[in-house]
A.B. asks: 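What follows is a structure written as structure tokens; I'll ask about it next.
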Amino acid sequence: MIKITLKDGSQREYPEGTPVAEITESISKGLAKNAVAGKLNDRVVDLSYSVKESGPLDILTFEDAEGKNAFRHTSSHILAQAVQRLFPGTKLGIGPAISEGFYYDFDSLHIFTPEDLVKIEQEMEKIIKEDLPLMRTSKDREAALEFFRKRGEPYKVELIQDLPADVEISLYQQGEFVDLCAGPHVPSTGRIKSVKLMSLAGAYWRGSEKNKMLQRVYGTSFPKKADLDAYLFRLEEAKRRDHRKLGQELKLFTIMDEGPGFPFFYPKGMVIRNELENYWRQLHRQWGYQEIKTPVILNRQLWERSGHWLNYRDNMYTTVIDEEDFAIKPMNCPGAMLVYNSEMHSYRDLPLRVGELGLVHRHELSGALHGLMRVRCFTQDDAHIFMTQEQITDEIKGVIDLIDSLYGLFGFPYHVELSTKPAKAMGTDEQWELTTKALERALIEKKMDYKINPGDGAFYGPKIDFHLEDSLGRTWQCGTIQLDIQMPEKFDLTYVGEDGQKHRPIMIHRVAFGSIERFIGILTEHYAGAFPTWLAPVQVKVLPITERQAAYARQLADELFKDGIRVEVDERSEKIGYKIREAQMEKIPYMLVVGDKETDNGTVALRKRGEGDKGTVSFADVKNAILAAISRKTND
RNA sequence: GCCGGUAUAGCUCAGCUGGUAGAGCGGUUCAUUCGUAAUGAAUAGGUCGCAGGUUCGAAUCCUGUUAUCGGCUCCA
């Protein structure tokens, strides 16, 4: 007999070799219906797995991450089976489950079209109806290689060859279809109730551009049709929030053919930018920063000295001036170095915090461009902090606090990653060790959860990256804190210590917004275009019901304008419903409707975004409420 | 950069198998003066991304090119 401990702590005994499915059945019929896999002694297993050892057992359903994985993974096998039925000779790449579904990579002479997806989906539904059981078998290495060679699956052969020697090679079979797979899987294809193929894409074999490009089919699946519908609805909602669409509709920015990756900002987008920058300056003043501005174009020698010419050349735009090479800055640091070096510094000046809203240009691959999120020119809210070794931890902690307060203002969830030494890097391992440890210590002292991102540091130093989560669940790197002892050496930075000797400062590079452009993109999606009043391009719209109230409307607007409020009057001879509809679509936070009644007694009929008609109120009260919302930067 | 899709008026899109361009919104003008998400009428606006080619004839077919969208990170 074996002893099984269930999630609730209760223990049950079963004869050795009882399948997980039977154990599940004995616990609850309902659970058995929803079970997709088991987790025995922390190992995920099939429901058909015969339990031979005692230990804790979790029954996984679609609600569990690992259960979802098995469910989607089986879905990908069904996809591959359908494709091989419809397009015989198609070679299989890999077909894993991913966060929102699954994919399978195929090598086929036939180029798949969106119409094919419909046919494949129908074939998949057939396979689901056939309710084929999935059977696991294992083979030794030679037999497995032979098996896939015979079936004409070169990619599977390559995968087996790369498997570690001691690992069990398992196959899963459903009907005529067999795939190399570690599992686990749901017991039969009939369990996949609702499946949908989403898109087609090219993908390099094993993710390397040196390899052949395969055709990838993306899909998703759910145990219930309603769940699929809910998922599709969420995708639609995400599309409605897409900053590229909203940016166009709300006239915030545009990207034209004439400047791929180089965004234009319209007046309304500039309002948001300027508000963000104003707040940024206010915040940095509080945190003891100074501000500078360095040139966009600087000569080649500088970039050679900083190491960019050697390490970052592929991403840099260059130009020639009077027969001399120049580069358009991809980073602000070398300029800041020159500023630091332009005068002598005492230890009394340190830490010296120098900020710069610097416009940088980087050559990104054309296929990587994406609205404001991935561009070829953007404004970094940069700063360089020059300090002594003793000041490192406090300064890093200060920057973490600054960034946290900035993100908190918008209510953004974020997580932190620590990126370590990349392949292409300057400096010794000891230097990297020292700086990486310093960053880590600050994180530990701040009691922050973080994940290590190996090899993703800047070429001059390790970094702490802040990743925001947007409305699509994608994460975007925004803030970053980089610790650097390379640049101060390259530029021979010094300060005079208490001892009257010259010493080498250590430097922090850091950004909080990251890129103002990207941050605006993220904000747009976050608020679905309904920016809080302090950021809204137009904060108030005064809507006279007829021409008779035009003078009163203008008078109100003037008063608001004098107090710095961004206000417009809609004096067109349209019906009030039409004016309201338009203001609503522009996502204006406050509408002041004025008719004869309001004109006569000096009031307004307030309509607030998201709240609708608030009735008649005194103008002074509304004005004060608006001013308060702006100055407190309320998330309204 | 690579794979696939897309490119028609300011915006969103229609235009079947090739016969020389259409709607709605928006703009302008006029009428209307209206109480909480679209008043009516008239009118202007496009060398169909660009360059070649096939054809009597190309928005439509072919080639190239540019931009854009999705993907190329999730590893049996």
A.B. asks: Return the value, rounded to whole Å, for the distance between atom CZ of A:Arg374 and atom C1' of B:G70.
C.D. replies: 15 Å

A.B. asks: With C1' as the reference atom in both, quote the distance from B:U65 to B:U6 in angstrom, rounded to an integer.
C.D. replies: 15 Å

A.B. asks: Using heavy-atom distances to pick each residue's nearest nucleotide on RNA chain B, tell me which of A:Gly595 and A:Ser573 is more 5'.
C.D. replies: A:Ser573

A.B. asks: Name the pairs: protein N/O against N/O of nucleotides 60-68 of chain B, kept only if under 3.5 Å.
C.D. replies:
residue, atom, partner, partner atom, Å
B:A67, O2', A:Asp257, OD1, 2.5

A.B. asks: What's the closest nucleotide to the side chain of A:Ile580 if the choices are B:G71, B:A37, B:U33?
C.D. replies: B:A37

A.B. asks: Check the orientation of A:Phe466 and A:Tyr414. Use parallel for under 30°, tilted for 30 to 60°, and perpendicular for over 60°.
C.D. replies: tilted

A.B. asks: What is the distance, to the nearest angstrom, from the CZ atom on A:Phe264 to the P atom on B:G10?
C.D. replies: 16 Å

A.B. asks: Tell me which nucleotide among B:G35, B:A38, B:U33 gets nearest to the side chain of A:Ile545.
C.D. replies: B:G35

A.B. asks: Can you give me the dot-bracket string for RNA chain B, 5' to 3', counting Watson-Crick and G-U wobble pairs with both distances under 3.5 Å, using [ ] for crossing pairs and | for partners on another strand?
C.D. replies: (((((((..((((.....[..)))).(((((.......))))).....(((((..]....))))))))))))....

A.B. asks: Closer to the 5' end of RNA chain B via nearest nucleotide, is it A:Leu200 or A:Lys597?
C.D. replies: A:Lys597

A.B. asks: Salt bridge check: are A:Glu123 and A:Lys119 linked by an N-O gap of less than 4.0 Å?
C.D. replies: no

A.B. asks: Measure from the side chain of A:Thr546, starting at C-beta and using heavy atoms only, and say which of B:A37, B:C11, B:U33 lies closest.
C.D. replies: B:U33

A.B. asks: Does the ring center of A:Phe112 lie less than 6.0 Å from the ring center of A:Phe87?
C.D. replies: yes

A.B. asks: Sequence neighbours left out, what passes ring-ring contact (aromatic ring centres under 6.0 Å, His included) with A:Tyr49? Give chain and number order.
C.D. replies: none

A.B. asks: Can you tell me how far P of B:C2 sits from CD1 of A:Ile111, to the nearest Å?
C.D. replies: 15 Å

A.B. asks: Give one of base, sugar-phosphate or nothing for A:Gly367, where a contact means two heavy atoms less than 4.0 Å apart.
C.D. replies: base

A.B. asks: Expressed in angstrom and rounded to an integer, what is the separation of A:Leu214 atom CG from B:G70 atom P?
C.D. replies: 22 Å

A.B. asks: Taking only residues two or more places apart in sequence or in another chain, which ones pass ring-ring contact (aromatic ring centres under 6.0 Å, His included) with A:His308?
C.D. replies: A:Trp303, A:Phe459

A.B. asks: Is any side-chain heavy atom of A:Phe265 closer than 4.5 Å to a side-chain heavy atom of A:Leu372?
C.D. replies: yes

A.B. asks: Once the angle between the rings of A:His77 and A:His73 is folded into 0 to 90°, is it parallel (under 30°), tilted (30 to 60°) or perpendicular (over 60°)?
C.D. replies: perpendicular

A.B. asks: Using a heavy-atom cut-off of 4.0 Å across all strands, would you classify A:Glu598 as base, sugar-phosphate, or nothing?
C.D. replies: base

A.B. asks: Determine whether a donor-acceptor pair (one donor, one acceptor, N or O, separation below 3.5 Å) exists between the side chain of A:Arg607 and the base of B:U36.
C.D. replies: yes

A.B. asks: Round to the nearest Å and state the distance from A:Glu571 atom CD to B:C34 atom P.
C.D. replies: 17 Å

A.B. asks: Work out how far the C1' atom of B:U20 is from that of B:U63, and round it to whole angstrom.
C.D. replies: 23 Å

A.B. asks: Within the structure provided, determine whether A:Gln81 and A:Asp179 are in side-chain contact (heavy-atom separation under 4.5 Å).
C.D. replies: no

A.B. asks: Can you check the distance between B:G49 and B:A7, where both ends of the measurement are the C1' atom (answer in whole Å)?
C.D. replies: 6 Å

A.B. asks: Pick the P atom in B:G45 and in B:G10, then give their distance to the nearest Å.
C.D. replies: 12 Å

A.B. asks: Do side-chain atoms of A:Thr220 reach the backbone of A:Glu100 as a donor and acceptor pair under 3.5 angstrom?
C.D. replies: yes

A.B. asks: Nearest-Å distance, CD (A:Glu249) to P (B:C13)?
C.D. replies: 11 Å

A.B. asks: Establish, for the pair A:Arg72 and A:Phe102, whether the NZ or CZ atom is under 6.0 angstrom from the six-membered ring centre and no further than 45 degrees off its axis.
C.D. replies: no

A.B. asks: Using the P atom in both, what is the distance from B:U47 to B:A59, to the nearest Å?
C.D. replies: 13 Å

A.B. asks: Would you indicate what A:Asp162 reaches in the nucleic acid, counting non-hydrogen atoms under 4.0 angstrom: base, sugar-phosphate, or nothing?
C.D. replies: nothing

A.B. asks: Which residue pairs pass the salt bridge (charged side-chain N to carboxylate O under 4.0 Å, His left out) test when at least one of the two sits in residues 579-589 of chain A, sequence neighbours left out?
C.D. replies: A:Lys541-A:Glu586, A:Arg572-A:Glu582

A.B. asks: Is A:Met135 close to A:Thr137 at the side-chain level, that is, under 4.5 Å between some pair of heavy atoms?
C.D. replies: no

A.B. asks: Tell me the interatomic distance from A:Met591, atom CE, to B:U36, atom P, rounded to whole angstroms.
C.D. replies: 13 Å

A.B. asks: Who pairs with A:Tyr155 by ring-ring contact (aromatic ring centres under 6.0 Å, His included), at least two apart in sequence or on another chain?
C.D. replies: A:Trp205

A.B. asks: Taking the C1' atom of each, how far is B:C48 from B:C13, in whole Å?
C.D. replies: 13 Å

A.B. asks: Do any N or O atoms from the side chain of A:Thr599 and from the backbone of A:Gln549 form a donor-acceptor pair under 3.5 angstrom?
C.D. replies: no

A.B. asks: Tell me, please, which residues at least two apart from A:Lys39 pass side chain to side chain donor-acceptor pair (under 3.5 Å).
C.D. replies: A:Glu66

A.B. asks: The side chain of A:Ala605 is closest to which nucleotide in this list: B:G35, B:G71, B:G1?
C.D. replies: B:G35

A.B. asks: At a cut-off of 3.5 Å, list every protein nitrogen or oxygen paired with a nitrogen or oxygen from nucleotides 25-28 of chain B, distance to 0.1 Å.
C.D. replies:
residue, atom, partner, partner atom, Å
B:G26, OP1, A:Tyr578, OH, 2.6

A.B. asks: So which pairs with a foot in residues 134-152 of chain A pass salt bridge (charged side-chain N to carboxylate O under 4.0 Å, His left out), sequence neighbours left out?
C.D. replies: A:Arg136-A:Glu168

A.B. asks: Going by heavy atoms in the side chains, are A:His370 and A:Arg244 under 4.5 Å from each other?
C.D. replies: yes

A.B. asks: Are A:Gln215 and B:G71 close enough that a side-chain N or O sits under 4.0 Å from OP1 or OP2?
C.D. replies: no

A.B. asks: Could you work out, with side chain to side chain donor-acceptor pair (under 3.5 Å) as the rule, every residue matching A:Ser76, not counting sequence neighbours?
C.D. replies: none

A.B. asks: In this structure, how many angstroms lie between the P atom of B:C34 and the CD atom of A:Glu547, rounded?
C.D. replies: 10 Å

A.B. asks: Say you pick atom C1' in B:G27 and the same atom in B:A9; how far apart are they, in whole Å?
C.D. replies: 11 Å

A.B. asks: Give me, pair by pair, the N or O atoms of the protein and of nucleotides 73-76 of chain B that are less than 3.5 Å apart, along with how far apart they are.
C.D. replies:
residue, atom, partner, partner atom, Å
B:U73, OP2, A:Gly207, O, 2.8
B:A76, O3', A:Lys156, NZ, 3.2
B:A76, O3', A:Leu180, O, 3.4
B:A76, O2', A:Leu180, O, 2.1
B:A76, O2', A:Cys181, N, 3.2
B:A76, N6, A:Glu168, O, 3.4

A.B. asks: Rounded to whole angstrom, note down the P distance from B:U17 over to B:U60.
C.D. replies: 13 Å

A.B. asks: Classify every nucleotide of nucleotides 40-47 of chain B by which part a protein heavy atom approaches to under 4.0 Å, writing B for the base, S for the sugar-phosphate alone and - for neither, in 5'-to-3' order.
C.D. replies: --------

A.B. asks: Cation-pi check for A:Phe233 against A:Arg240: NZ or CZ below 6.0 Å from the six-membered ring centre and within 45 degrees of the axis, yes or no?
C.D. replies: yes

